[in-house]
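To start, the structure under review is shown below, and the notes come after it.
Atom set for the values below is all heavy atoms of this structure, side chains included, hydrogens, waters and symmetry mates excluded. Chain identifiers are assigned alphabetically (A, B, ...) following the order of the sequence lines, protein sequences preceding nucleic acid strands; residue numbering begins at 1 within each chain.
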Amino acid sequence: MTRLRLGLILLGLLAVAALLAPFAAGWLGKDPFAPDLFARYAPPSPGFPLGADELGRDLFTRLLYGARISLGVGLATALAASVLGTAVGLVAAWRGGWVDAVLMRLADGLLALPALPILVLLAAMDPAKLGLPRGEAATDMLRIVTILVLFGWVGVARLARAGALTILASDYVRAARALGVTETRLLWRHVLPGLAAPVAVASALAVAGAILAESVLSFLGLGIQPPTPSWGNMLANAQEAVFAAPLAALWPGLAILLAIAGCTLVADGVSRS
Amino acid sequence: MAGALRLAALRLPQIALTLLLLSLAAWLAIGLMPGDPVSLALFSDPRLTPEDIARLRALHGLDQPLLERYLAWGAGLLRGEFGYSRLFAQPVTAVLWPALRSTLALVGSAVVLAAAIGVALGALAALKPRAAPLVDAATLLAQAVPSFWLGILLIILFAVRLGWLPAGGAPEPGGSALPFLVLPVTTIAFGQMAAYARHATAALTAELARPHITSARARGGSEPRVLWRHALPNAAVPLLTLLALDAGSLVSGALVTETVFARPGMGKLLYDAVMGNDYNLALLALLLVALVTMLATLAADLAQRWLDPRLGER
């Protein structure tokens, strides 16, 4: 229980930081998107709590705005992956036979592939060639979430299927069937609620995976594009500036670490309780 | 032995089918990337006329539909013609092999280091209950550290501040590779070590509770001997499987570490090829990484059956 509580506290703090981003920017009188070339690589001071980046933008407010992107991508990916994964797992367990075989071979195949190189390849695709606008922060987020869901549903589906198989073999499901409950109602009312715990664990891990993957893609220049801050592209800038401002590399990475540790603690906590 | 052969015979066609589907999907994805080789040539030489462009496109076959180009490329592969890398102006095979060697050296050293330290930490946690919460907390935290961030911090500390080790790159021909391996290997091994420690703790704790351990202790076996001779061999089966599985996923995961340290390995090569619009190199690098990953998985399953024959009897 303490793990779960600690993880929720960590994630809650990050969520509050993300929500407070505009207020912090107003309070400090800083625009996290506007360059201020007189303040390039400014060291930490009351005016710049964590210093400034290569264009003189305040790192602290950029870090808070980055939390919106990272947590947003993480939650959206996990939500979509959980819905899709639960549906796939449930259908596979319920129908069995060739449906189950095809879905699970597909899942195995996706797991066997080298995920990161494929993510890089997919993220490098040009949205303009598919008729989508390019370079908008919202489009970037949607693009990254779509790519990540493509791989993200597999973990949820496997856990959901395993859980559903156990439940479908249980006595109360047989009793419900004997009472003439329709199959839709059976799945919805009797099987789905029992999947809450495994799906919650898989979703928490999916949030962690998505946050990490987004930061990696943004770090490689394929994810969220500047000037929109994300923890990943902030780290890419910080690596360019290891001589001028070595401390700038500390904070975005620390933020990613806390977010991932929070999700892992929640997943651990739920699976133990 | 017959079981192992049957498993391989079952798995190899699956691997071939996956590679086929992956190559088709990747070909279509690359077709959707911005620019093509000719538009890059235009960028570097503004004197090219529209007629030149059309001629170059026809020469490279870029005026053909995407699917026809794919079939022609696939037919070439089957004839053993792997083609050229446009970015490096060399045959693709001449670029791929050194990169694969570099990545395998990096990942191999990291896995060995991580497994050694991880199993030691796991043994500590399993034998000394007082140390267990500490190991547990430390590994949980270590697993949450993003590897590319750790890489940057190591560069700042050991290359920029202290100046002890190179910040990245590759040794000159004939030079020692070791200084260039230390930081990247540490970066990859750190998170892996934590994973092995957690699995080793679980496997050894379960093993130490079994009757044959009590019997070994009752016969007066010393604690180190009980651990090494009686507990570790059984606990090693799941660990070795994990090791082989990881070796596969690490080859693809090395992409980030290699980019951070500018190491000329498979991952960096693939990234550069994707960014530089080098279709052929990107595709073949991706297929090679996928093949290595899947063969490692197969090796893991075979090793597990060999170590624990009960698994093959089902």
Legend entry - Closest contact, heavy atoms only, F148(B) versus S215(A): CZ-OG, 3.4 Å
Inset, instruction - Using a cut-off of under 4.5 Å on heavy-atom pairs, state which of G232(A), P117(A), C263(A) scores highest against chain B. - result: P117(A)
Inset, instruction - Using non-hydrogen atoms and a 4.5 Å limit, figure out which bit of L258(A) sits close to chain B: side chain, backbone, both or neither. - result: neither
Legend entry - Spatial distance of atom CG (L286(B)) from atom CG (L113(A)) [nearest 0.5 Å]: 8.5 Å
Inset, instruction - Sort M266(B) into side chain, backbone, both or neither according to what part of it lies under 4.5 angstrom from a heavy atom of chain A. - result: neither
Inset, instruction - Could you look at T297(B) and say if it's the side chain, the backbone, both or neither that has a heavy atom under 4.5 Å from chain A? - result: neither
Inset, instruction - I would like to know whether M275(B) and V120(A) meet side chain to side chain contact (heavy atoms under 4.5 Å, CB included); could you show each step before the answer? - result: CA-CA 9 Å; M275(B) 300 309 269; V120(A) 166; 5.9 Å; no
Inset, instruction - Not counting sequence neighbours, which residues clear salt bridge (charged side-chain N to carboxylate O under 4.0 Å, His left out) with R68(A)? List them please. - result: none
Legend entry - Under 4.5 Å from any heavy atom of chain B - which part of D108(A): neither
Legend entry - Distance in Å, R105(A) CZ paired with L17(B) CG, rounded so as to fall on 0.5 Å steps: 12.5 Å
Legend entry - Top contributor to chain A interface from V256(B), L153(B), T18(B) [non-hydrogen pairs under 4.5 Å]: V256(B)
Legend entry - Most contacts with chain A, counted as non-hydrogen pairs under 4.5 angstrom, among A26(B), P146(B), A290(B), A285(B): P146(B)
Legend entry - Atom pair CD1/CG of I118(A) and L22(B) - distance to nearest 0.5 Å: 5.0 Å
Inset, instruction - Answer with side chain, backbone, both or neither: which region of V260(B) has an atom nearer than 4.5 Å to a non-hydrogen atom of chain A? - result: both
Legend entry - Residue part contacting chain A, namely of L150(B), when any heavy atom lies under 4.5 Å: neither
Legend entry - Toward chain B, the part of A208(A) with a non-hydrogen atom under 4.5 Å: neither
Inset, instruction - With a 4.5 Å cut-off on heavy-atom pairs, point out which of D268(A), L212(A), T264(A), V216(A) contacts chain B the most. - result: V216(A)
Inset, instruction - Determine the option with the most heavy-atom pairs under 4.5 angstrom with chain B, choosing from L220(A), L235(A), L116(A), I256(A). - result: L220(A)
